[in-house]
Amino acid sequence: MRFMFVGDSMTIGRAGDYTWRYRMWQHLSSTFGGPYRIVGPRCELYDTVADTPTSHAYADPGFPEPARRHLAGWGEGWQHMAPLIGPAVADTGAEVLLVSLGLIDLGFYTDAEQTAANARRFVAEARAARPAVRMVLLPVIPNSRAEEDAPFAAEVARFNELLAKAVADLTTDASPILLAARPDAYDIHRDTYDGTHPNASGEHRLAGEFAAVLHQAWGIGGPYDPAQGL
């Protein structure tokens, strides 16, 4: 089974991070009984000093290079990934997409309706490359800006409503789409290092939500253990 992580800065991570992708790799390695691969066209972290996605300085240098694969980018959202996902799925044979996108779109590029339209385009492009592809989508987690900017908070809430509708409209037996929940007890003041990006506890909570959906809905893996790797 081939998994691909798709996301923005919360998924690519910065130099020195473990990333929630690393936590998912640990989880799959310990709970998934069948052979699997993590795939994607990229493997780097974001270098905040150079302002480029060129770092390979993962917190755990033992994180295997093949497991570092992803399709995530600092400052990239649904509108950026929609035209990239088809070729990425076709080239890698990805079967399950674990997707966390939307915050950067709403913050800098598109309103809720436009962002939802780009999410629907993303689904269509992924299916054009692999009709039976499966997806788990994470709603946008409001960040510190949403606490101070009421119109932005409203856009986040509106997009999450539209994303849920898109999942309900688009899921099929052949290509199911699942909507994850905001990770249980996720607190941006405790689980991020800047009000947006996950720290170690946030990484575990994000990975734990994806792991729970995979296990409960499709029997992939097992219950998530946040103590793994500690």
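- In this structure, CG in L137 is found 6.0 Å from CD1 in I177, a value given to the nearest 0.5 Å.
- The closest donor-acceptor contact from the side chain of H80 to the backbone of G77 lies under 3.5 Å.
- Once rounded to the nearest 0.5 Å, the distance linking CD1 of I12 with CG of L71 reads 10.0 Å.
- Within the 4.5 Å cutoff, side-chain heavy atoms of L214 are placed close to those of F3.
- In this structure, R145 is positioned above the aromatic face of F152, its NZ or CZ under 6.0 Å from the six-membered ring centre and within 45° of the axis.
- The shortest non-hydrogen separation linking P139 to L179 is CD-CD1, 4.2 Å.
- Within the 4.5 Å cutoff, no side-chain heavy atoms of E44 are placed close to those of S55.
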Problem set entry | Verdict with supporting geometry, R127 and S175, side chain to side chain donor-acceptor pair (under 3.5 Å) | CA-CA 8 Å; R127 285 175 169 168; S175 175; 2.8 Å; yes
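- Rounding to the nearest 0.5 angstrom, the gap separating the OG atom in S9 from the CG atom in D17 is 10.5 Å.
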For this session: Applying side chain to side chain donor-acceptor pair (under 3.5 Å), run through D47 and T52 and close with a yes or a no.
Result: CA-CA 5 Å; D47 186 329; T52 57; 5.3 Å; no
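- The distance from the CG atom of D225 to the NE2 atom of H204 is 8.5 Å, given to the nearest 0.5 Å.
- In terms of heavy-atom proximity, G222 sits nearest to H215 at CA-ND1, 3.5 Å.
- In this structure, the side chain of R69 engages the main chain of P41 through a donor-acceptor pair within 3.5 Å.
- Considering all non-hydrogen atoms of both residues, S201 and D191 come closest at OG-OD1, 2.6 Å.
- Residues M24 and L45 are members of one and the same hydrophobic cluster, defined by side-chain heavy-atom contacts under 4.5 angstrom among Ile, Leu, Val, Met, Phe, Trp and Tyr.
- The shortest heavy-atom contact between A153 and A146 is CB-O, 3.4 Å.
- A heavy-atom distance below 4.5 Å is not found between the side chains of P83 and E125.
- Salt bridge absent: E209 and R182 never bring a charged side-chain N and a carboxylate O closer than 4.0 Å.
- At a threshold of 4.5 Å between non-hydrogen side-chain atoms, the residues Y193 and R14 count as touching.
- A salt bridge links E161 to R158: one of the charged nitrogens lies within less than 4.0 Å of a carboxylate oxygen.
- Annotation: D194, atom CG; neighbour count of heavy atoms from other residues, nucleotides and ligands within 6.0 Å is above 12.
- For the ring pair (Phe, Tyr, Trp, His ring centres under 6.0 Å) test with Y22, the passing option among F63, Y58, F5 is F63; the others fail.
- Hydrophobic clustering, with ILVMFWY side chains joined whenever heavy atoms are under 4.5 angstrom apart, keeps M135 apart from L98.
- Linking ILVMFWY side-chain heavy atoms closer than 4.5 Å, directly or via other members, places V39 and W20 in two distinct hydrophobic clusters.
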Problem set entry | W218 and V136: CA distance, side-chain angles, deciding distance, side-chain contact (heavy atoms from CB on, under 4.5 Å) verdict | CA-CA 11 Å; W218 295 330; V136 181; 3.8 Å; yes
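- With contacts defined as side-chain heavy-atom distances shorter than 4.5 Å, the pair V140/T115 does not qualify.
- R2 has its side chain out of reach of R130: every pair of non-hydrogen atoms, C-beta onward, lies at least 4.5 Å apart.
- Cluster annotation: V96 is connected to L206 through the hydrophobic network of ILVMFWY side chains, with a link wherever side-chain heavy atoms come within less than 4.5 Å.
- Hydrophobic clustering (ILVMFWY, side-chain heavy atoms < 4.5 Å, transitive): L178 and F122 are in distinct clusters.
- Counting all heavy atoms, side chain and backbone alike, L138 lies closest to P183 at CD1-CD, 4.3 Å.
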Problem set entry | side-chain contact (heavy atoms from CB on, under 4.5 Å) assessment of R120 paired with D169 | CA-CA 10 Å; R120 287 174 177 265; D169 290 344; 2.7 Å; yes
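- Counting only distance, with no hydrogens or angles, the side chain of R23 and the backbone of Y18 share no donor-acceptor pair below 3.5 Å.
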For this session: Evaluate side-chain contact (heavy atoms from CB on, under 4.5 Å) for E95 paired with Y36, printing each intermediate quantity in order.
Result: CA-CA 10 Å; E95 297 169 86; Y36 80 92; over 6 Å; no
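- Using a 4.5 Å heavy-atom threshold, the side chains of T192 and Y186 count as touching.
- Not a single donor-acceptor pair under 3.5 Å links the side chain of T171 to the backbone N or O of V167.
- Taking all atoms of both residues into account, the shortest heavy-atom contact from P61 to A59 is CD-O, 3.4 Å.
- Atom CE in M81 sits 11.5 Å away from atom CG in L97 (nearest 0.5 Å).
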Exercise answer: donor-acceptor pairs, residues 102-109 side-chain atoms, under 3.5 Å, sequence neighbours excluded:
residue: D105; atom: OD1; partner: W78; partner atom: N; Å: 3.1
residue: D105; atom: OD1; partner: G102; partner atom: N; Å: 3.4
residue: D105; atom: OD2; partner: W78; partner atom: N; Å: 2.8
residue: D105; atom: OD2; partner: Q79; partner atom: N; Å: 3.3
residue: Y109; atom: OH; partner: G75; partner atom: O; Å: 2.7

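- E65 is not listed as a side-chain neighbour of C43, based on a closest heavy-atom distance of 4.5 Å or more.
- Judged by distance alone, with hydrogens and angles left aside, the side-chain atoms of E155 form a donor-acceptor pair with the main-chain N or O of A112 at under 3.5 Å.
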For this session: Assess whether side-chain contact (heavy atoms from CB on, under 4.5 Å) is satisfied between R68 and H56, documenting all intermediate values.
Result: CA-CA 9 Å; R68 298 179 180 186; H56 295 270; 4.2 Å; yes
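- Rounding to the nearest 0.5 Å gives a distance of 8.0 Å between OG1 of T19 and NE2 of H70.
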